[in-house]
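Keep in mind it's a predicted model, so treat the numbers as computed, not measured.
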Amino acid sequence: MRGDVRIAAPPQIVWEALNDPEFLKDLIPGCQSMERLSETETLATVKVKFGFFSATFAGKILLSNIHAPDSYTISAEGQGGLAGFARGSADVMMIPEGDETLLTYDAKADVEGKLAQMGGKLIDSTVGKLAQRFFDDFNAAVSERAGA
């Protein structure tokens, strides 16, 4: 999954927001908790609904290939109990464009267990909707933060 979003804030503010678990917690759909363990590692619990089925995933988020405030790779893996296991990563880049930032991402994911049996179209559709919702909310919140 690839995408981009234009954010009405400079890259440094976007970078700081992307790396602030307390800020992100309220923006990530279904996020129940986030706890920063270090500058590169965060524990999270997220509840995701796939059609008529929902699962709560608990796992780690790791940051690597960090080139602040321009880019990094974010990787996550989580256990969803009977639903199975999910892991994914995204290369994220922030490109300055005047007073705005073009945030681009290239993500991939892998699921195992019951989730894998549900079919890729349902999973892709769900992930796409969640990503769109997150980036809409993130854009609004970061733009507000930049204007404050």
Q.
Check whether Ser38 reaches the backbone of Thr40 with its side chain - one donor and one acceptor, N or O, closer than 3.5 Å.
A. yes
Q) Does a donor on one side chain sit under 3.5 Å from an acceptor on the other, for Asn65 and Thr73? A) yes
Q) Salt-bridged, Asp20 to Arg145, with N to O below 4.0 Å? A) yes
Q. Counting distance only, does the side-chain N/O of Arg36 pair as donor-acceptor with the main-chain N or O of Asn19 below 3.5 Å?
A. yes
Q) Please walk me through it: do Ile28 and Met34 pass side-chain contact (heavy atoms from CB on, under 4.5 Å)? A) CA-CA 10 Å; Ile28 296 171; Met34 286 187 85; 3.8 Å; yes
Q. Going from NZ on Lys47 to OG on Ser54, what distance comes out if it is rounded to the nearest 0.5 angstrom?
A. 4.5 Å
Q) Honestly, is Arg2 close enough over Tyr105, meaning NZ or CZ under 6.0 Å from the six-membered ring centre and within 45° of the axis? A) no
Q: Answer yes or no: is there a side-chain heavy-atom contact under 4.5 Å between Tyr72 and Leu18?
A: yes
Q: Would you give the length of the straight line joining atom CD of Glu100 to atom CD1 of Ile7, rounded to the nearest 0.5 angstrom?
A: 9.5 Å
Q.
With a 3.5 Å distance limit and no angle check, can you tell me whether Ser89 reaches the backbone of Ile74 through a side-chain donor-acceptor pair?
A. no
Q | Pair Lys60 + Glu41, salt bridge at N-O below 4.0 Å | A | yes
Q) Is there a donor-acceptor pair under 3.5 Å between the side chain of Asn139 and the backbone N or O of Arg6? A) yes
Q. Can you name the closest pair of heavy atoms from Thr101 and Pro10 and give their distance?
A. OG1-C, 3.1 Å
